[in-house]
Amino acid sequence: MMIDINNTTDSFYEKLFENSNGIQVIVDGDNGQIVNANKTACGFYEYSKEQIKKLKIYDISKIDDLEEMNHIFNQTLEPKNTEVYLTHKLSNGSIKDSKVIFLKMCIDGKIYFNMTISDILEGKNTKEKSSKTERGLENSEEMLRKVDVNCRKILDRLPVAIILSSGIEQKMIYQNPRFIEFFGYTFDELFNISDWWPIAYPDPEYREFVSKEWDTRFAEAMKNQSEIEPMEVNITTKDGSIKQVCIHATVVGEVNCITFIDMTERKKAEEAIRLVSAYNRSMIEASLDALVAIDSEGRIIDVNSSTEKSTGYSREELIGKYIFNYFTNPEKSRNAHKQVFKLGSIEECELELKHKDGYVTTVICNASVYKDECGQVKGVFLSARDINERKIREEELEKQKSAAEEANILKSQFLANMSHELRTPVNVIFSAIQLFELYLKKSSDMNSLNWNEHLKAMKQNCQRLLRLINNLIDITKIEAGFIELKLKNVNVVSIVEDITLSVAEYARGKDIYVQFDTEIEEKIMALDPDRLERTFLNLLSNAIKFTGKNGNVFVNVYDRGTSVIISVKDTGIGIPQDRINDIFERFTQVENTMVRTNEGSGIGLSIVKSFVEMHGGTVNVLSEVGVGSEFIIELPVNILLKEYNKNFTSINKKQNYAEVLDIEFSDIYK
């Protein structure tokens, strides 16, 4: 309708509009701008008056409603209200379904819309429900007409065998196709229930058992109008095969609905599972290891007979108990249990299993998690192997090893004793040669017989034999651990210098020049002078042996504060790189061609290494074929808590030092 507000005061309409209980919004008809809204509208939209007047009607309506609003805005000015349902957006983002009455107005030649809004969700729902109810009532009769037909179709299409019977007499009134297919009989062949029993259960005793049980259950169900408790029976079909079925039945009034579920394949599967389970159980029971199933908390679920033997407890006593209590170290077993869940398995975890009688068995445990059908970890399978016998065997092997080592020591002692026994006659022979030499010197025809050269050869070979025996004695004593250092506080520089100068004179006879140099003149340290002398005589002997004429041998001493380094360097034939690691092994020589020119047993460098290591030092070698070799000895500086003997000299006064050199250099041909 048309409203002319020209003759009405603004304050009157403003108060009327503002205090209205209805939701009132004034909208510009040209652009949809909200020009005013009363208090109730501001509360509904949750905007202040200033905020809502900045919005357009499209800002507070869902997009789906815009087309309908555009249609209203474009209507001609008619004296009637337009009622629509719109969805409004509130300031907090929520939405409300509302009924809106649009009143189109013309004020001063401009079109406005007065929107009266009401929350009609409940009314709308009621209307919809009413509409649905009316539609439902219209459809109900049609549905009732179809129900009988549909029920019959449902029964026909069910995948289980079904029969319907009536009354206590159980007169058969319906069989679905699945029943006929399952048992092989048509409705005409099997409509009388009395004919059913001897056909389905041909064995009289079994038929009587099933019939009696069925009648009891059926009578109870008829009385209570309830379901019949399911029965599992064997039924003979038309082709003579036997089906294992589960019979369900429900009594409704006078109608009995009976279903037959074929359990034949399921029973076969269950039997197969039972046989597999029995087989697996037999394997578990046959295991000599203790096998235990444990849940996630550590409680025992199942055990085999070996577990009963290992613990002394019966299966019934063990199940439900915490397995940790059966080990001597419960904390270690708990940690192992946690590790299984963390890693999935553990191997070779050694624990001690307590027996009921009190004794302890050492076991090696292996464990892994097991999962359910969904892949969720449920618990742990544990195997525990008794290793007491293995421990006994290991102890026996250790005893045998000790016995072998002891026998080896005895062998070394025997070799040492034999070496002493060999050295004694050699000394006698050597003394006889010396006496023979004395007589020859008094003979006038000695030179004509050239016995002097023969005597030199005999003497050198005796010295070589004596050197070999000395080395054998030393190496066997070292191996047996019988050599002890006789340490003294001595000047190592003086000892090395004395040895070098003594050898230098000998080396000049082979046109080899030996030079000595040192960074320091004195370095007092605890050493065994005799072992040190043997060490450097061996190194110098090797250097001269493998250095040709006009070659050089350099001996240098370096002070490193806490250690002393002694270097023996030659310009000889050198050592191949692939043999450097072998030269300190006893009886090892670099190559056979050397043996033809310079004899040797291969023991010397092994003794050098042993003597150096007995002093707590190290020996290393640098070498290049055709250039020469350098042996570097590093000895730690240690001092004995006693006064230093300044008068000590490395030369043994009891024996001519020339003879010492002759023995040590006896395998070098002159």
Side-chain angles (χ1 to χ4, degrees), residues 1-140:
M1 69 181 186
M2 293 283 295
I3 297 177
D4 186 359
I5 61 172
N6 291 328
N7 297 322
T8 307
T9 62
D10 292 339
S11 60
F12 172 79
Y13 279 106
E14 181 67 27
K15 290 179 182 178
L16 182 64
F17 176 80
E18 187 68 26
N19 295 315
S20 173
N21 291 328
I23 302 170
Q24 298 288 324
V25 177
I26 304 297
V27 180
D28 189 324
D30 292 335
N31 54 22
Q33 180 71 43
I34 297 174
V35 297
N36 203 355
N38 67 355
K39 292 180 182 179
T40 309
C42 293
F44 177 75
Y45 287 107
E46 299 181 3
Y47 287 108
S48 67
K49 186 179 287 290
E50 290 72 18
Q51 290 173 327
I52 200 167
K53 289 171 71 174
K54 294 178 181 179
L55 303 176
K56 294 185 177 182
I57 187 61
Y58 309 109
D59 296 328
I60 59 174
S61 298
K62 291 186 66 178
I63 296 176
D64 295 343
D65 299 328
L66 296 182
E67 184 176 349
E68 188 168 2
M69 283 197 296
N70 287 334
H71 173 70
I72 293 170
F73 274 44
N74 292 326
Q75 285 180 351
T76 59
L77 188 64
E78 297 178 359
K80 65 175 183 178
N81 297 337
T82 302
E83 181 179 307
V84 296
Y85 292 92
L86 299 178
T87 301
H88 290 267
K89 296 186 292 186
L90 309 185
S91 65
N92 61 6
S94 62
I95 60 174
K96 284 190 177 181
D97 291 329
S98 303
K99 180 175 75 174
V100 182
I101 299 174
F102 285 87
L103 174 62
K104 197 170 187 178
M105 304 177 298
C106 179
I107 303 175
D108 295 332
K110 188 175 179 60
I111 299 299
Y112 294 92
F113 284 92
N114 181 10
M115 295 172 54
T116 303
I117 303 162
S118 59
D119 187 352
I120 48 77
L121 181 61
E122 181 177 353
K124 186 177 181 181
N125 290 342
T126 302
K127 185 176 180 180
E128 289 177 353
K129 289 178 182 178
S130 176
S131 176
K132 289 179 181 179
T133 301
E134 291 175 359
R135 290 195 300 270
L137 290 173
E138 293 173 358
N139 294 332
S140 61

Counting only N and O atoms by type, is there a donor-acceptor contact under 3.5 Å from the side chain of Glu46 to the main-chain atoms of Gly43?
no

First locate atom CD1 of Ile57, then atom CD of Gln33, and finally report the distance between them rounded to the nearest 0.5 Å.
10.5 Å

Less than 4.5 Å apart, side chain to side chain, heavy atoms only: is that true for Met115 and Ile101?
no

Give me the atom names and distance for the closest heavy-atom approach of Lys54 to Glu50.
CG-O, 3.4 Å

To check you understand the geometry: which heavy-atom pair defines the closest contact between Ala41 and Val25, and what is its length?
CB-CG2, 3.8 Å

Below 4.5 Å, heavy atoms only, C-beta onward: do Ile26 and Phe113 meet side chain to side chain?
no

Please lay out, stage by stage, how Ile52 and Tyr45 fare under the test side-chain contact (heavy atoms from CB on, under 4.5 Å).
CA-CA 8 Å; Ile52 200 167; Tyr45 287 107; 3.8 Å; yes

Indicate the atoms forming the closest heavy-atom contact of Asp28 with Tyr112, along with that distance.
CA-CD2, 4.1 Å

Would Lys110 and Asp30 pass as an ion pair if we require N to O under 4.0 Å?
yes

Any residue meeting salt bridge (charged side-chain N to carboxylate O under 4.0 Å, His left out) with Lys53, in chain and number order, not counting sequence neighbours:
none

Do Thr116 and Gln24 meet the criterion of a side-chain donor-acceptor pair at a distance under 3.5 Å?
yes

Are the side chain of Lys56 and the backbone of Ile34 linked by a donor-acceptor contact shorter than 3.5 Å?
no

Considering all heavy atoms of both residues, which atom of Ala37 and which atom of Cys42 are nearest to each other, and what is their separation?
O-SG, 4.2 Å

